[in-house]
There are 2 protein chains.
Amino acid sequence: MPSKEMHVHECNHHECNYTSGTRNSCVSLVPIFNHLEETQMDEIMATARSVSYKKGEIIYRAGDKSDSLYIVSKGKIRIYRLSDSGKEQLVRILIPGDFTGEYALFSKATHESYAEAMVDTTVCMIKQADLHEFLLKYPSISLKILTEFSTRLEQSERQTTRVVTEKVETRLAMFLAEEMDREAQGNEFVLPMSKKDLASYLGTTPETISRKLSEFEDQGYIKQKPRKRIEVLDLDGLLLV
Amino acid sequence: MPSKEMHVHECNHHECNYTSGTRNSCVSLVPIFNHLEETQMDEIMATARSVSYKKGEIIYRAGDKSDSLYIVSKGKIRIYRLSDSGKEQLVRILIPGDFTGEYALFSKATHESYAEAMVDTTVCMIKQADLHEFLLKYPSISLKILTEFSTRLEQSERQTTRVVTEKVETRLAMFLAEEMDREAQGNEFVLPMSKKDLASYLGTTPETISRKLSEFEDQGYIKQKPRKRIEVLDLDGLLLV
DNA sequence: CGCTCTGTTGAAGAGGCTCAATATGGGTGG
DNA sequence: CCACCCATATTGAGCCTCTTCAACAGAGCG
């Protein structure tokens, strides 16, 4: 697989094959693979390709044919959709250990969403044929992916339900509470995205986000600090909104 | 199908084990199993339990512990969620061949949604332990389920995007167009649910659905007929809304 | 045959969007 | 290291879509 003779110009976006011994960067860090034996991980790693993208680069777009699984090994990826009317909606953000590409991989040949590097990012790609082979050979991988999928499905449905049943204020409060739960350092956390993206994720506009956060601040629930940091002063109050 | 010796009181909701030879009602009709050999399907069927529910009965509810996959063999099931604020949202409707229960099965022990029989319904249930065994034994089943999951995930994300980016009128028009695509007999189709449920599915209210359908009718795009039948007169016009 | 749930229609009000003007800040190049 | 610049964020005002509440009509089911 890995050609040792690799030259820079053979590498789109600094694309490189792995050589054994450079395993650590991706396969071993994703839950779907890291329960395997070392030798099995090496085997998978041997079929993987590493590709780097610079900030802002598009990794795939809707309509692209693709047949690879993308595992984030470094950086951050924005997954978003464009509606028929052309509006953008942020679906989720991938951090190292997350993967994407599953739709094109298991169902259809083309993507419906867009993947964009939010910062300089490295992914490893596993081709559909290789992955299928491994799934048949090591069925426990499938169980891991099924677990991941069912969690994602649940989250997606929960998100839909929220958007249709709760008002913006409530959705925002819930989002803040969840971030506190996942990311809190003390009683502060850092927004993982711009407020523009947050608006798109929550199904509203940047203006409304801005206003609602100010209201929360006026009401003493939170305090906004520089560099996207938010201190939560009254979590319970927030959740009663 | 019921064992021949079945007595009413041995069967909760007319619950019965399968005997070989009565295979046809469920395992063989779902895409996730029907690619298997006859003998393999028989093997799975032997572990399945058939349960019937009367119209309106709840099959599972949020918070229930469950460890079974439910495959619809007859009838129709409404899957819905309740938001934190208590509002109901219709997630999807299952018809024979569809399955549910995956979240409790692969991720957590409890359901987040509700499943209710819309008409008299029969499901077959496969226990988690049995299913896991089959997945490891026949890895191709996992691939089928992965395909199904990734399709559902895509649909769910598409639904979220629509709800947040399109207005009600557009969502309704798209829904009608999709139903035409899937269910049309001539240029008519039958709504698969009440307008109340449709409202909940599309994230709006029955009043709005009623009004928008009247508008579409006034504009000559559709014609509403008795028994939930809708004739589409101008599909293109509808999609330009 | 009546009762209850679903659907329809009207009117009023609210929540959030749009548009526009201005402020801010972090990234970049000099 | 500083100044500049452009995307992001903020704030205000008006408006529009959709929800809400209420009253009534109709349909399906026991």
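Excluded from the calculations below are hydrogen atoms, water molecules and symmetry mates; all remaining heavy atoms, backbone and side chain alike, are included. Per chain, numbering begins at 1; letters A, B, ... match sequence-line order.
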Taking only N and O in the side chain of [X], is any of them less than 4.0 Å away from OP1 or OP2 of [N]?
{"X": "A:T208", "N": "C:dG16", "answer": "no"}
{"X": "B:K212", "N": "D:dC18", "answer": "yes"}
{"X": "B:K195", "N": "C:dC5", "answer": "no"}
{"X": "A:S214", "N": "D:dT11", "answer": "yes"}

Using a heavy-atom cut-off of under 4.0 Å over every strand shown, decide if [X] touches base, sugar-phosphate, or nothing.
{"X": "A:G203", "value": "sugar-phosphate"}
{"X": "A:S194", "value": "sugar-phosphate"}
{"X": "A:K228", "value": "nothing"}

Whole-Å distance between [N] [atom2] and [X] [atom1]?
{"X": "A:E215", "N": "C:dG15", "atom1": "CD", "atom2": "C1'", "answer": "11 Å"}
{"X": "A:L172", "N": "D:dA9", "atom1": "CG", "atom2": "P", "answer": "13 Å"}
{"X": "B:L202", "N": "D:dT17", "atom1": "CG", "atom2": "C1'", "answer": "16 Å"}
{"X": "B:E166", "N": "C:dC17", "atom1": "CD", "atom2": "P", "answer": "14 Å"}
{"X": "B:R229", "N": "D:dA27", "atom1": "CZ", "atom2": "P", "answer": "15 Å"}
{"X": "B:I209", "N": "D:dC18", "atom1": "CD1", "atom2": "C1'", "answer": "12 Å"}
{"X": "A:R171", "N": "C:dG16", "atom1": "CZ", "atom2": "P", "answer": "7 Å"}
{"X": "A:M118", "N": "C:dG27", "atom1": "CE", "atom2": "P", "answer": "13 Å"}

Hey, which of these two, A:K167 or B:D197, hits DNA chain C nearer its 5' end, going by closest nucleotide?
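Counting from the 5' end, the first nearest nucleotide belongs to B:D197.
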
How do B:Q224 and A:T204 order along DNA chain C: which one's closest nucleotide is nearer the 5' end?
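Mapping each residue to its closest nucleotide by heavy atoms, the 5'-most match is B:Q224.
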
How far does CG of B:L82 sit from CD of B:E88, to the nearest 0.5 angstrom?
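If we round to the nearest 0.5 Å, B:L82:CG and B:E88:CD are 6.0 Å apart.
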
Does a salt bridge link [X] with [Y], judged by any charged N lying under 4.0 Å from a carboxylate O?
{"X": "B:R171", "Y": "B:E166", "result": "no"}
{"X": "A:R152", "Y": "A:E148", "result": "yes"}
{"X": "B:E178", "Y": "B:R162", "result": "yes"}

Side chain of A:K196 only, please: which of D:dT20, D:dT8, D:dT10 is the nearest?
D:dT8

Go through the steps to decide whether A:E169 and A:R211 satisfy the test salt bridge (Lys or Arg N to Asp or Glu O under 4.0 Å), and finish with yes or no.
CA-CA 10 Å; A:E169 200 170 54; A:R211 283 186 248 269; over 6 Å; no

Assuming nearest nucleotide by heavy-atom distance, tell me which of B:K55 and B:E207 is located more 5' along DNA chain D.
B:E207

Check: C:dG15 base within 3.5 Å donor-acceptor of A:R211 side chain:
no

